[in-house]
Amino acid sequence: MFTKTTYSEDLTANYTMLSKQLDALLTGETNAIANFSNASALLNQFFDQINWVGFYLMEDGELVLGPFQGLPACVRIPVGRGVCGTAAQKLETIIVPDVHVFPGHIACDAASQSEIVVPIVKDGVLVGVLDIDSPIKERFSEQDATGLEQFVQVLVKHI
């Protein structure tokens, strides 16, 4: 049974705890969709000041909407387009402090102001991306990038 956690002021410690929670939550489950679903729910309860969190998964050479928490979203994103497609193409985490100045940004939710996208790579193959949007500018930091990359590495063990 999952119990909501009260996190401390130490963001690094919080991300370490979050990754441990994810590992415990997913241990023993082999269904990837179930694991992506619980991962998005866990992130949704972890973060404040976000309006969307979820996954786009690679299918036939493009990113396709996967499990998420938030308003309905764009279903397909070509690799190389928008923040998600760019992160997938470059295989690197992208932090966008202001989505309105990102070339080719795809606006699924008009309330989104900032975004972070982390590629998910397993055995050298791009599986998809983790995408998180916020209704405030400059919501995400390098510390968030490091913590979410750690989170994704735990997730990869379970998909």
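Just so it is clear, the structure is predicted and the values come from calculations on it, not from any experiment.
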Inter- and intrachain pairs under ring-ring contact (aromatic ring centres under 6.0 Å, His included), touching residues 50-79, at least two apart | F36-F55, W52-Y56, W52-F68
List the atom pairs, with distances to 0.1 Å, where a side-chain N or O of residues 74-96 and a protein N or O form a donor-acceptor pair under 3.5 Å, not counting sequence neighbours.
residue, atom, partner, partner atom, Å
R76, NH1, E62, OE2, 2.8
T86, OG1, G82, O, 2.6
T93, OG1, E149, OE2, 2.5

Hey, is the main chain of S141 close enough, under 3.5 Å, to the side chain of D144 for a donor-acceptor pair?
-> yes
What are the two closest non-hydrogen atoms of L126 and P119, and how far apart are they?
-> CD1-CB, 4.1 Å
From CZ (F151) to NZ (K20), nearest 0.5 Å = 15.0 Å
Quick one: do D98 and R139 satisfy salt bridge (charged side-chain N to carboxylate O under 4.0 Å, His left out)? Show the steps, please.
-> CA-CA 9 Å; D98 181 350; R139 165 62 183 86; over 6 Å; no
Looking only at heavy atoms, which two atoms of S40 and G54 are closest? And how far apart?
-> CB-CA, 4.3 Å
Answer yes if V127 and V156 sit in the same cluster of Ile, Leu, Val, Met, Phe, Trp and Tyr residues linked by side chain heavy atoms under 4.5 Å apart, and no otherwise.
-> yes
Under a 4.5 Å side-chain heavy-atom rule over Ile, Leu, Val, Met, Phe, Trp and Tyr, are F46 and L42 clustered together?
-> yes
Taking the side chain as every heavy atom from C-beta outward, state whether I50 and N44 have any pair of such atoms under 4.5 Å apart.
-> yes
At what distance, to the nearest 0.5 angstrom, does CG of L155 lie from NZ of K157?
-> 10.5 Å
Hey, does the side chain of T146 reach the backbone of Q143 with a donor-acceptor pair shorter than 3.5 angstrom?
-> no
Drop me the distance from L22's CG to Q150's CD, to the nearest 0.5 angstrom.
-> 10.5 Å
Any side-chain heavy-atom pair from L25 and Q21 closer than 4.5 angstrom?
-> no
Contact check, side chains of M58 and L63, non-hydrogen atoms, under 4.5 Å | yes
Interatomic spacing from CE in M17 to CG in D10 - rounded to 0.5 Å = 10.0 Å
Are I120 and V154 joined in one hydrophobic group, where the rule is that I, L, V, M, F, W and Y side chains link up if heavy atoms are under 4.5 Å apart?
-> yes
Could you list all the side-chain hydrogen bond (donor to acceptor under 3.5 Å, both in side chains) pairs where at least one residue sits in residues 124-134, not counting sequence neighbours?
-> S112-D133
Please examine the side chains of L18 and L43, heavy atoms only from C-beta on, and report whether any two atoms are closer than 4.5 Å.
-> yes
Consider only side-chain heavy atoms of I, L, V, M, F, W and Y, link residues closer than 4.5 Å, and tell whether L148 and I136 are in one cluster.
-> no
Closest non-hydrogen atoms of S19 and G147, given as atom of the first, atom of the second and distance, are OG-O, 4.5 Å
Test item: I33 and L57 side chains (from C-beta on) under 4.5 Å apart, heavy atoms | yes
May I ask whether L11 and L130 are part of the same hydrophobic cluster, defined by side-chain heavy atoms of I, L, V, M, F, W, Y residues being less than 4.5 angstrom apart, directly or through others?
-> yes
Side-chain touch E138/Q113, heavy atoms, less than 4.5 angstrom = no
4.5 Å side-chain heavy-atom contact, N51 and L71 = no
Side-chain heavy atoms of L26 within contact of N38, under 4.5 Å | yes
